[in-house]
Amino acid sequence: MAFVTPAFVLIGIFLIFPALWTIYLGLTNYRLTGLEAAQPQFVGLDNYVEVLTDPRFHNSLWVTVIFVIGSAIFGQAVLGFLLAWAMRDWQSRMRRVVESLVIVAWIIPSSVVAFLWIAFLDGRSGTLNAMIGSEVEWLISQPLLSIIVFNIWRGAAFSMLLFGAALSSLPPSYLETSRLAGASTWQQLRDIVLPSIRGHILTTLLLISLWTFNDFTPYLITGGGPRNMTELLPIYVFREALGTFQFGYGSAISTILLAINLAVALVYLRLLRDRAA
Amino acid sequence: MAESGHRVGARSVRTFIGRLAFYLFIVFVTAYFFLPMLWLVVAPFDAVPTLDVRVPELTLDNFTDVLFRNPHALRSLGNSVLLAVTTMLLVVAVATPAAYALSRVHIPGRDLLLYILLLFSSVVTGTAAMVPLFALIFNLGLIDTYVGVVLVLAGGLLPAAIFILKDFTDSTPTSYEESARVFGANSFQILRDTVLPLIRPGLAVIAVWVMVNVWSNFLMPFILLRSQDLSPAAVVMYTFYTEAGQPNLRLLATFSLLYSVPVVVMYLFVNRRYGFRFYGGIKR
């Protein structure tokens with residue numbers, strides 16, 4: 001018992017407690033300073049009503065949905081799968097090179113990749129514009145598309161690695177037999193490969209959706225702008241709560257974020273269990 | 001005859017198109033992943049770096065003249081080392097006995113509990129819980145201290161660390177422990193003398209994994225620390241390009257490189273020795 005106590009105390013205080021406390025704080029007008037700091041008043045669901053009717057929250061939710069679907073579910077998962085599938089029997093030194101590039105993009109620190117993309121997309125002297133001979137301010141004219149393309153670049157490695165592991169665990173005889181029977185690549189994918197790695201697909205989608213949903217790196221690139229066009233929910237909660245110190249209100253947003261996270265996780269787990277049953 | 005010849009022709013055309021599509025895809029992917037990264041490799045050695053990538057005027061002056069003379073830059077790298085090592089020591093010290101106990105004691109619902117904690121930690125750490133975490137650290141009076149940052153980071157990393165370590169511990173034989181017990185060793189001695197040597201690879205994985213995470217983490221030090229003297233490299237790097245005025249590209253380029261190299265090296269170390277067996281691991 002003594003062995004597990006320190007770990008569970010730390011987890012309890014810094015992981016479980018904040019999640020529960022935020023539900024309570026969200027029901028009060030708690031602030032860090034002033035009268036409300038000493039004696040926060042219970043305000044019921046006022047904060048929640050205010051958040052849920054805030055147009056900025058609606059905008060932020062919508063931006064986040066597009067960001068997660070575009071960059072995680074379609075972007076990272078599809079590109080990661082294509083990479084794993086295309087390179088599955090590729091015997092070449094280039095394979096290591098390509099894989100390493102994708103992985104390095106995934107592991108270098110976010111403050112660095114953020115600046116790399118600011119430089120890459122810069123209007124007057126960015127590498128992208130220098131190559132195609134234009135002067136488009138990508139981060140201003142296409143901000144959401146820019147961070148989606150960025151996030152696909154950033155996170156494709158995980159899907160590639162996980163799908164690579166899944167594909168190599170498929171018995172080669174499956175594909176061999178179906179090819180002899182005259183199945184096209186598309187038929188092989190649809191009838192054999194995708195159904196057999198369904199569990200891996202769901203696990204990947206669960207993790208990359210949650211990570212993308214909670215990712216703060218786009219803040220380092222666009223700061224949520226221009227005109228809130230890239231104000232993802234993590235950026236919204238950061239600006240609202242830590243910008244104004246209205247912690248009751250911020251906690252209500254936090255609770256909503258946690259609830260969305262939980263809901264996403266439960267949906268995937270449900271799907272995973274259906275598969276097992 | 002004509003029919004089958006036609007079919008063979010069609011098949012080789014299809015193979016050809018397939019190969020072509022494959023190489024086009026590889027070229028596209030390589031360009032997509034390499035081009036944004038190219039700057040990180042080239043600009044630090046360019047006497048006059050710009051935002052785009054071009055053939056550099058090779059020099060090492062950016063390191064000697066700019067980076068090593070900037071007090072913020074060097075101090076922040078030291079701060080990052082301090083944060084990473086402290087958090088790593090705490091996580092390893094706390095996770096090891098917990099993983100050992102959970103591996104040996106069979107309580108009903110243990111695996112479910114661990115699984116829920118793991119899921120919880122991937123959801124709660126970071127942005128969704130930044131408000132209560134900030135409020136908690138504020139009320140504990142730990143804002144602008146490393147203690148606050150280390151505790152928050154450790155709390156978030158512990159479930160996964162325990163999970164991975166338990167996996168290692170599960171696969172070690174219990175016979176040594178039984179004989180040690182027969183000779184009268186207490187639980188602590190058993191852990192130290194018989195279990196620790198066996199799970200050393202697991203400890204190395206956890207240690208590197210925690211350090212990579214802390215080294216790269218931006219959000220927690222960003223919200224929990226105030227003074228620039230305490231800021232780790234992640235935060236200082238950000239201030240280098242968001243401060244008013246023209247960013248100093250010579251400084252940014254060299255600093256980015258010096259700050260990125262350790263994670264890449266640590267990743268390669270873990271990957272070479274243990275492979276991709278703890279996916280979901282290295283990040284978060």
Side-chain angles (χ1 to χ4, degrees), chain A residues 3-4 6-7 10-11 13-19 21-22 25 32 82-83 86 94 98 101-102 104-112 115-120 122 125-127 130 153 158 161-162 165 207 210-211 214 216 220 234 237-238 241-242 247 250-251 253-254 257-258 261-262 265, chain B residues 22 25-26 29-30 32-37 39-40 50-53 94-95 97-98 100-102 117 119-124 126-136 138 151-152 154-156 158-159 162 216 218-219 223 234 237-238 241 252 256 259-260 263-264 267 276 279-280 282:
Chain A
F3 278 8
V4 291
L10 271 179
I11 293 174
I13 299 177
F14 294 98
L15 198 62
I16 313 278
F17 172 70
W21 196 34
T22 194
L25 286 181
L32 280 189
L82 285 177
L83 280 164
M94 271 304 286
V98 176
L101 280 176
V102 179
V104 169
W106 180 50
I107 57 174
I108 38 185
S110 48
S111 336
V112 174
F115 184 73
L116 288 181
W117 275 78
I118 292 176
F120 183 64
D122 187 73
S125 48
T127 305
W153 178 90
F158 179 77
L161 291 170
L162 210 146
L207 291 172
L210 287 178
W211 289 340
N214 293 305
F216 199 67
L220 307 182
V237 69
F238 172 75
L242 298 176
F247 270 64
S251 296
I253 311 175
S254 261
L257 292 197
L258 287 171
N261 272 307
L262 205 63
Chain B
F22 170 75
F25 175 68
I26 293 295
V29 166
T30 310
Y32 175 44
F33 281 92
F34 188 54
L35 286 174
M37 239 180 270
W39 189 85
L40 184 60
T50 52
L51 283 179
D52 66 334
V53 172
V94 172
Y100 170 63
L102 288 172
L117 280 182
L119 190 72
F120 212 72
S121 73
S122 73
V123 169
V124 175
T127 51
M130 75 171 102
V131 181
L133 283 173
F134 182 90
L136 175 66
F138 182 87
L151 287 174
V152 166
L158 264 176
I162 295 176
S216 311
F218 169 80
L219 186 63
I223 63 175
M237 166 87 204
Y238 176 67
Y241 59 81
L252 264 173
S256 305
Y259 171 43
S260 302
V263 248
V264 176
Y267 177 82
F276 186 61
Y279 44 73
I282 201 82

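Excluded from the calculations below are hydrogen atoms, water molecules and symmetry mates; all remaining heavy atoms, backbone and side chain alike, are included. Proteins get letters first, then strands, A, B, ... in listed order; numbering begins at 1 in each.
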- Checking heavy atoms, do the side chain of A/Leu101, its backbone, both or neither come under 4.5 Å from chain B? both

- Item | Part of A/Phe238 within contact of chain B (heavy atom distance under 4.5 Å) | both

- Candidate pair A/Phe216 and B/Met130, rule side-chain contact (heavy atoms from CB on, under 4.5 Å), full reasoning: CA-CA 11 Å; A/Phe216 199 67; B/Met130 75 171 102; 4.2 Å; yes

- Note on the structure: Most heavy-atom pairs under 4.5 Å with chain A, out of B/Ile162, B/Leu102, B/Ile26, belong to B/Ile26

- Item | chain A contacts, top residue of B/Phe33, B/Phe25, B/Phe34 (heavy-atom pairs, under 4.5 Å) | B/Phe33

- Message: Given heavy-atom pairs under 4.5 angstrom as the criterion, report whether the side chain, backbone, both or neither of A/Trp21 touches chain B.
- Response: side chain

- Query: So what's closer than 4.5 Å to chain A heavy atoms on B/Val29: side chain, backbone, both or neither?
  - Reply: side chain

- Query: Under a 4.5 Å heavy-atom cut-off, does chain A meet the side chain of B/Phe22, its backbone, both or neither?
  - Reply: side chain

- Would you call B/Val131 and A/Ile253 a side-chain contact if the rule is heavy atoms closer than 4.5 Å? no

- Under the side chain to side chain donor-acceptor pair (under 3.5 Å) test, residues paired with B/Thr30 that sit two or more places apart: none

- Heavy atoms, side chains only, cut-off 4.5 Å: are A/Val4 and B/Pro97 in contact? no

- Message: Given B/Trp39, which partner from the list A/Phe120, A/Trp117, A/Phe115 fulfils the ring-ring contact (aromatic ring centres under 6.0 Å, His included) test?
- Response: A/Phe115

- Query: Side chain, backbone, both or neither: which part of B/Leu136 has an atom under 4.5 Å from a heavy atom of chain A?
  - Reply: both

- Of all residues at least two apart in sequence or in a different chain, which pass the side chain to side chain donor-acceptor pair (under 3.5 Å) check with B/Tyr259? none

- Message: Does any part of the side chain of A/Val237, heavy atoms only, come nearer than 4.5 Å to the side chain of A/Ser254, both counted from C-beta?
- Response: yes

- Message: I'd like to verify something: which residue of B/Leu40, B/Leu158, B/Leu151 has the highest number of heavy-atom pairs under 4.5 Å with chain A?
- Response: B/Leu151

- In terms of heavy-atom pairs under 4.5 Å with chain B, the winner among A/Leu258, A/Asp122, A/Leu257, A/Val102 is A/Val102

- Query: What part of A/Ala130 gets closer than 4.5 Å to chain B, counting heavy atoms only: side chain, backbone, both or neither?
  - Reply: side chain

- Query: Is the closest side-chain heavy-atom distance between B/Phe134 and A/Phe247 below 4.5 Å?
  - Reply: yes

- Contacting region of A/Val98 [heavy-atom separation from chain B under 4.5 Å]: side chain

- Query: How about B/Tyr32: does its OH atom have over 12 heavy atoms from other parts shown lying under 6.0 Å from it?
  - Reply: yes

- Query: Which bit of B/Ala95 is near chain A, if near means a heavy-atom gap under 4.5 Å: side chain, backbone, both or neither?
  - Reply: neither

- Item | Within the 6.0 Å centroid threshold, strictly below: B/Tyr241 and B/Tyr238 | yes

- Message: Report which part of A/Ile118 has an atom under 4.5 Å of a heavy atom belonging to chain B: side chain, backbone, both, or neither.
- Response: side chain

- What part of A/Ala86 lies closer than 4.5 angstrom to a heavy atom of chain B: side chain, backbone, both or neither? both

